Amino acid sequence: LANTFQGDGEPLIASLALSGVAFSATFAMIRWLGPTFIKSGLKGVDMSKHHKKELPECMGAICAIVYLLVVIVFIPFPFYKDIVAATSGGGNRDVVLQTEHVQQGRFLHRFPHSKLASYLSAIISLQSISLLGIGDDLFDIRWRHKFFIPAFASIPLLAIYFVDFGVTSIVIPIPLQPYLGELFNLGALYYVYMASVAIFSPNSINILAGINGIEVTQSIVIALLLVLNDCLYLLTPYPHPATDSHLFSLYFLLPFLGVSFALLWYNWYPARVFVGDTYCYFAGMVFVVVSILGHFSKTLVLLLIPQIFNFLYSIPQLAGIVPCPRHRLPRFNARTGLLEPSVTPWTAERQPKPPVAWALKLLDRLRLLRVTLDERGNFVETSNFTILNLWLVWRGPLREDRLAVELTAMQTVVGLFGLFVRHRLALLIFKE
Ligand code: UD1
Ligand code: MG
């Protein structure tokens with residue numbers, strides 16, 4: 001496998017091996033530490049089961065910590081040859097000769113400090129987001145307070161981006177080029193855009209949640225599609241200018257897949273543990289890190305289409321136009337054992353204002369919401385604005401694991417289409 005990739009395959013093999021270690025360590029530690037988490041109060045009730053059992057919450061913290069240790073242990077591997085060459089009086093002669101050759105006669109080997117800086121900034125960002133996630137699981141931070149915190153975690157990334165690449169222009173599609181030129185410089189706005197992706201990705205995964213396994217499966221699908229995207233670049237027969245950034249992306253995604261599959265083992269229906277907000281934030285930030293430092297944040301946006309839809313659809317509740325209960329997860333019908341759309345009740349005192357009422361009825365007509373009116377036309381209840389509830393409006397009641405499978409399949413299909421758009425259709429309107 002490694003040889004089919006251009007250049008040096010050894011760090012990739014080390015990364016694969018360490019990802020295996022990450023899987024095993026996470027697998028064992030979730031089993032061992034579950035009861036400890038319950039004892040210290042990190043627990044939650046599974047609301048969609050007959051027996052309302054308490055399960056350990058915040059298992060994403062174990063994933064994040066194992067992951068961080070693994071990527072830290074991995075640091076020397078991609079730099080091994082550079083370290084040897086930069087420090088060698090003795091050391092590996094071949095490497096010295098090779099680098100001398102590459103440097104065209106210059107004797108001193110330059111250590112790739114900027115590459116190391118990217119790597120370290122990624123680790124700092126991921127550490128910061130893990131702290132936020134653990135804080136949220138411990139103290140249940142208010143939604144409007146925690147929403148912007150990922151922007152702070154992205155500062156190390158943006159600083160490195162500024163110093164190392166600084167590219168803030170976007171390529172204009174061919175039909176628009178006569179008016180706007182080939183490139184359009186967004187300047188500082190490009191940093192605002194990247195910070196917005198950093199805020200959006202973790203939060204959007206956290207609100208597409210509430211049934212067993214869904215947080216982990218959507219993250220695994222996105223990670224696998226990003227890996228596929230990396231391989232499409234790395235397997236081209238010609239050296240591609242983006243080879244390094246896609247290798248970098250693999251080094252961060254493979255261990256993520258390792259810890260995520262271990263977590264899925266316990267979180268899949270019927271769940272034995274919950275992932276907590278830590279996992280959702282952490283997963284979202286892994287995607288931000290690889291896509292910003294790998295210059296493919298627009299590809300990430302294509303892979304987040306279901307999350308973007310869920311977020312846009314949620315806005316009426318997030319913005320308070322429609323009341324937003326603490327939990328919007330689907331409702332468990334104990335008689336049938338199936339999930340149904342959960343609802344927000346409307347009282348005689350609180351009815352939607354006329355334009356809102358009109359919009360809600362229109363959404364109901366379009367089958368984008370379920371509205372229940374009483375005989376006098378007053379609002380009794382409306383289904384909650386999440387993609388999970390909407391799916392149940394469309395498909396009727398489903399068992400929890402069935403709903404998770406269907407949504408994961410939808411995420412996969414939409415994501416593959418996103419990659420297709422990126423790699424095929426984009427060629428029609430952009431010059432490669
Ligand atoms: C987000 C959602 C909330 C949803 C919740 C479910 C928004 C604005 N917030 O809130 O609507 O109800 O996620 O995760 O959309 N749980 C289950 N089964 C599961 C997963 C979770 O019953 O498969 C319950 C458990 O009681 C668990 C709790 O949800 O303890 C975790 O909720 P938490 O992640 O703290 O909610 P938020 O992320 O704040
Ligand atoms: Mg959550």
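Index from 1, following the sequence. Reckoned from all heavy atoms, side chains included, excluding hydrogens, waters and symmetry mates. First listed ligand is number 1; within each ligand, the first listed atom is number 1. Just so we're clear, the structure is a prediction, and the values are computed from it rather than from any experiment.
- With 3.5 Å as the limit, one finds a donor-acceptor pair spanning the side chains of N229 and H423.
- Between atom 28 (C) of ligand 1 and the options R328, E400, H327, R326, the minimum heavy-atom separation is to H327.
- Using a 4.0 Å cut-off between heavy atoms, V45 contacts ligand 1 through its backbone alone, with no side-chain atom that close.
- With a 6.0 Å radius and a threshold of 12 heavy atoms from other residues, nucleotides or ligands, K39 has its NZ atom at or below the threshold.
- Looking only at distances, a side-chain donor or acceptor of S342 sits under 3.5 Å from a matching main-chain atom of R328.
- Residue contacts with ligand 1, taken as heavy atom pairs separated by less than 4.0 Å, do not involve R142 at all.
- Contact annotation: for Q317 versus ligand 1, there are no heavy atoms closer than 4.0 Å.
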Quick one: side chains of residues 264-271, donor-acceptor pairs under 3.5 Å with protein atoms, not counting sequence neighbours, listed by atom name and distance.
from: Y266; atom 1: OH; to: F27; atom 2: O; distance (Å): 2.8
from: N267; atom 1: OD1; to: G213; atom 2: N; distance (Å): 3.0
from: N267; atom 1: ND2; to: V273; atom 2: O; distance (Å): 2.8

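- Under a 3.5 Å cut-off, the side chain of Q317 and the backbone N or O of F385 do form a donor-acceptor pair.
- For atom 6 (C) of ligand 1, the nearest non-hydrogen atom of the protein is G210 CA, 3.6 Å.
- Among Y281, F274, Y279, F385, the residue whose heavy atom lies closest to atom 20 (C) of ligand 1 is F274.
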Exercise for the section: Give the intermediate values and the outcome of ring pair (Phe, Tyr, Trp, His ring centres under 6.0 Å) for residues F282 and Y67. Expected result: CA-CA 10 Å; F282 174 70; Y67 177 91; 5.1 Å; yes
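- In terms of polar-atom proximity, M47 is counted as a contact of ligand 1, with an N or O under 3.5 Å from an N or O of the ligand.
- If you number the atoms of ligand 1 from 1 as listed, the ones under 4.0 Å from a heavy atom of D46 come out as 18 (N), 22 (O).
- For the residue pair Y279 and S260, a side-chain donor N or O sits within less than 3.5 Å of a side-chain acceptor on the partner.
- Considering backbone and side-chain atoms together, K43 places no N or O closer than 3.5 Å to any N or O of ligand 1.
- Remark: the backbone N or O of G294 is not paired with any side-chain donor or acceptor of H246 at under 3.5 angstrom.
- For D230 and S249, the side-chain atoms include at least one donor-acceptor pair closer than 3.5 Å.
- Within ligand 1, the atoms closer than 4.0 Å to a non-hydrogen atom of N212 are 18 (N), 19 (C), 23 (O), numbered from 1 in the order shown.
- Nearest non-hydrogen protein atom to atom 30 (O) of ligand 1 is E57 OE1, 2.4 Å.
- The ligand atoms of ligand 1 that sit less than 4.0 angstrom from a heavy atom of L318 are 8 (C).
- Within the structure, the salt bridge (charged side-chain N to carboxylate O under 4.0 Å, His left out) test picks out the following pairs touching residues 398-420 (sequence neighbours left out): K49-E400, R395-E406, R399-D401, R402-E406.
- For ligand 1, the atoms lying closer than 4.0 Å to a non-hydrogen atom of A209 are 14 (O).
- Here I214 has no heavy atoms under 4.0 Å from ligand 1, in either its backbone or its side chain.
- Relative orientation of the F309 and Y313 rings is parallel, given thresholds of 30° and 60° on the angle between their planes.
- Around the Mg ion (ligand 2), the protein contributes the following N, O or S atoms at distances under 2.8 Å: N206 OD1, D277 OD1.
- Atom CG of L257 sits about 11.5 Å away from atom CZ of F23, to the nearest 0.5 Å.
- Which parts of ligand 1 touch G44 is read off a 4.0 Å heavy-atom cut-off, strictly below it: atoms 30 (O).
- Among protein heavy atoms, atom 13 (O) of ligand 1 sits closest to N206 O, 3.7 Å.
- The backbone of I211, and not its side chain, has at least one atom closer than 4.0 Å to an atom of ligand 1 (non-hydrogen atoms only; backbone = N, CA, C, O).
- Between the side chain of D136 and the backbone N or O of I141 there is at least one donor-acceptor pair closer than 3.5 Å.
- Atoms of ligand 1 found under 4.0 Å from any heavy atom of K146 (numbered from 1 in listed order, with element): 39 (O).
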Pair up each side-chain donor or acceptor in residues 360-372 with any protein partner under 3.5 Å, not counting sequence neighbours, and list the distances.
from: D364; atom 1: OD1; to: V371; atom 2: N; distance (Å): 3.1

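- The aromatic rings of W143 and F147 are tilted relative to each other, their planes meeting at an angle between 30° and 60°.
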